[in-house]
**Student:** 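What follows is a structure written as structure tokens; I'll ask about it next.
When reading the values below, keep in mind they use all heavy atoms of this one structure, side chains included, and skip hydrogens, waters and symmetry mates.
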Amino acid sequence: MPLVLVVDDEVNILQLLKYNLVKEGFQVIEATNGNDAIKLTGEKTPDLIILDKMLPGMDGFDVLRILKSNRQSASIPVIMLSARDEMLDKVLGLELGADDYITKPFSPRELVARVKVHLRRKQPPVEEEAAKKEVRVNCLLIQPEKYEALLDGVRLELTQKEFELLYLLVANPGRVFTRDSLLEKIWGYDYDRKSRTVDVHIRYLRLKIEKDPANPEYIETVRGVGYRFRETH
């Protein structure tokens, strides 16, 4: 039974989310502030975290930054909640490693559906995992069985979505992926087509793997279409 950590200082929101998640077969633990959220994550290792942006003291972005910088919690999917429908907030949340972003007020049914999608993405079928092989390109080594990527032998600190995006591109050198196809393959559902999710994750990947992110050696932009991983000869 998947364990979901819900972090929100509004009691009515906690009760609403817990009721709907438990009804769908999830276990739920709760926190009303950032410090408790970080502590519970370390103690319980939830399968997914629903994290409100506006928290007393340490806000949700600070909590997210700490969770994604910790190897133990970096791969846990995080869905951010916010009462603000501003693109800047969404972009910042994604840049910090959030897997999804939902604006209040929200539909509990939609949120539960997104929770299920992200948990499915976290636990792909055994046969799909078995088909994934280690890939090396120059000094870059991708090890899907470990969910790790090494550059010059040094482990890259990647979020779950960054790793999945990088592996998809590296495993298909020369193939051009549109932004829509990347959204569907990595995020797994009909994400907001106007969002900058893919562009933000590509920019962060370039910062981590390219010597000069402004002139990428690996991840190429195909203007007006999408992205591809450069073929090596």
Side-chain angles (χ1 to χ4, degrees), residues 1-85 89-90 92-126 129 147 158-164 186-192 195 197:
M1 187 179 294
L3 177 64
V4 177
L5 168 60
V6 180
V7 188
D8 200 305
D9 63 329
E10 297 183 54
V11 176
N12 60 324
I13 296 292
L14 286 177
Q15 292 175 342
L16 175 67
L17 290 175
K18 183 173 183 178
Y19 171 79
N20 283 277
L21 289 166
V22 169
K23 187 172 65 172
E24 292 296 324
F26 296 101
Q27 289 183 294
V28 177
I29 52 176
E30 308 164 41
T32 56
N33 60 73
N35 288 324
D36 287 348
I38 293 168
K39 181 180 179 182
L40 278 172
T41 300
E43 293 175 350
K44 304 292 185 180
T45 314
D47 296 292
L48 182 141
I49 299 171
I50 299 173
L51 176 62
D52 187 37
K53 175 184 175 292
M54 300 298 293
L55 294 172
M58 185 189 307
D59 74 9
F61 287 155
D62 290 331
V63 175
L64 181 63
R65 189 179 292 108
I66 292 171
L67 293 176
K68 292 301 179 179
S69 65
N70 186 315
R71 186 170 183 176
Q72 179 184 350
S73 55
S75 64
I76 299 174
V78 176
I79 298 177
M80 293 289 296
L81 298 179
S82 176
R84 300 176 61 184
D85 187 16
D89 278 357
K90 293 182 179 180
L92 179 56
L94 294 169
E95 287 181 341
L96 291 174
D99 297 89
D100 207 343
Y101 197 104
I102 297 180
T103 304
K104 297 177 181 178
F106 54 85
S107 160
R109 184 175 178 180
E110 178 188 0
L111 189 142
V112 170
R114 294 196 186 191
V115 167
K116 291 179 178 179
V117 166
H118 287 296
L119 289 175
R120 284 200 300 269
R121 296 295 303 172
K122 184 182 178 184
Q123 299 173 328
V126 174
E129 281 294 292
Y147 247 73
L158 302 176
T159 66
Q160 179 186 356
K161 288 295 185 281
E162 287 173 348
F163 179 87
E164 291 175 356
I186 304 302
W187 280 264
Y189 62 96
D190 190 17
Y191 208 85
D192 180 3
S195 76
T197 302

**Student:** So I76 and L67, do their side chains get closer than 4.5 Å, heavy atoms only?
**Tutor:**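 They are not in side-chain contact.
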
**Student:** Taking all non-hydrogen atoms of both residues into account, name the closest pair between G60 and M80 and its distance.
**Tutor:** C-CE, 4.2 Å

**Student:** If you compare all heavy atoms of K68 against all heavy atoms of T159, which two are closest, and at what distance to 0.1 Å?
**Tutor:**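 Result for this residue pair: CD-CG2, 4.3 Å.
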
**Student:** Between L119 and P2, what is the shortest heavy-atom contact and its length?
**Tutor:**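 In this case the closest contact between L119 and P2 is CD1-CB, 3.8 Å.
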
**Student:** Give, for atom CD of Q15 and atom CG of N20, the distance between the pair rounded to the nearest 0.5 Å.
**Tutor:** 12.0 Å

**Student:** Can you find a heavy atom in the side chain of I102 that is under 4.5 Å from one in the side chain of I79?
**Tutor:** yes

**Student:** Please examine the side chains of Y101 and V78, heavy atoms only from C-beta on, and report whether any two atoms are closer than 4.5 Å.
**Tutor:**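 When only atoms from C-beta onward are counted, Y101 and V78 do not touch, as no gap falls below 4.5 Å.
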
**Student:** Do P46 and V4 touch side chain to side chain, with heavy atoms closer than 4.5 Å?
**Tutor:**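 No, too far: nothing below the 4.5 Å cut-off.
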
**Student:** Exactly one of D99, D100, D47 should register a side-chain hydrogen bond (donor to acceptor under 3.5 Å, both in side chains) with H118. Which one does?
**Tutor:**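 Only match with H118 under side-chain hydrogen bond (donor to acceptor under 3.5 Å, both in side chains): D100.
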
**Student:** CZ of F61 to CD1 of I66: how many Å apart, nearest 0.5 Å?
**Tutor:**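 If we round to the nearest 0.5 Å, F61:CZ and I66:CD1 are 14.0 Å apart.
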
**Student:** Output side-chain donor-acceptor pairs under 3.5 Å for residues 21-34, partner residues at least two apart or in another chain, one line each.
**Tutor:**
residue: E24; atom: OE1; partner: K116; partner atom: NZ; Å: 2.8
residue: E30; atom: OE2; partner: K18; partner atom: NZ; Å: 3.3
residue: N33; atom: OD1; partner: N35; partner atom: N; Å: 3.2
residue: N33; atom: OD1; partner: D36; partner atom: N; Å: 2.8
residue: N33; atom: ND2; partner: D36; partner atom: OD2; Å: 3.0

**Student:** Could you go through F106 and L17, starting from their C-alpha distance and side-chain angles, then the distance that decides it, and tell me whether this counts as side-chain contact (heavy atoms from CB on, under 4.5 Å)?
**Tutor:** CA-CA 11 Å; F106 54 85; L17 290 175; 3.7 Å; yes

**Student:** Check Q160 against S75 and note the closest heavy-atom contact, atom names and distance.
**Tutor:**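 Heavy atoms only, the tightest pair is OE1-O, 3.1 Å.
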
**Student:** Rounded to the nearest 0.5 Å, what's the gap from OG1 on T103 to NZ on K53? Could you check?
**Tutor:** 11.5 Å

**Student:** Closest heavy-atom contact between Q72 and N70?
**Tutor:**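 Taking Q72 first and N70 second, the nearest heavy atoms are N-OD1, 2.8 Å.
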
**Student:** With side-chain contact (heavy atoms from CB on, under 4.5 Å) as the test, would you mind laying out the steps for V7 and I50 before giving the verdict?
**Tutor:** CA-CA 6 Å; V7 188; I50 299 173; over 6 Å; no

**Student:** On a heavy-atom basis, which atom in D8 and which in I13 lie closest, and how many Å separate them?
**Tutor:**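 Answer, listing the atom of D8 first, then I13: OD2-CG2, 3.3 Å.
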
**Student:** Looking at side-chain heavy atoms only, is the closest gap between L51 and L81 below 4.5 Å?
**Tutor:**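 A side-chain contact under 4.5 Å is absent here.
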
**Student:** Does the distance from a Lys or Arg side-chain N to an Asp or Glu carboxylate O, for E10 and K104, drop under 4.0 Å?
**Tutor:**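 Salt bridge between E10 and K104, a charged N being under 4.0 Å from a carboxylate O: yes.
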
**Student:** Within a strict 4.5 Å, meaning less than it, do heavy atoms of the P77 and I49 side chains meet?
**Tutor:**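 No, their side chains stay 4.5 Å or more apart.
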
**Student:** Do the non-hydrogen side-chain atoms of M54 and D59 ever get within less than 4.5 Å of each other?
**Tutor:** no

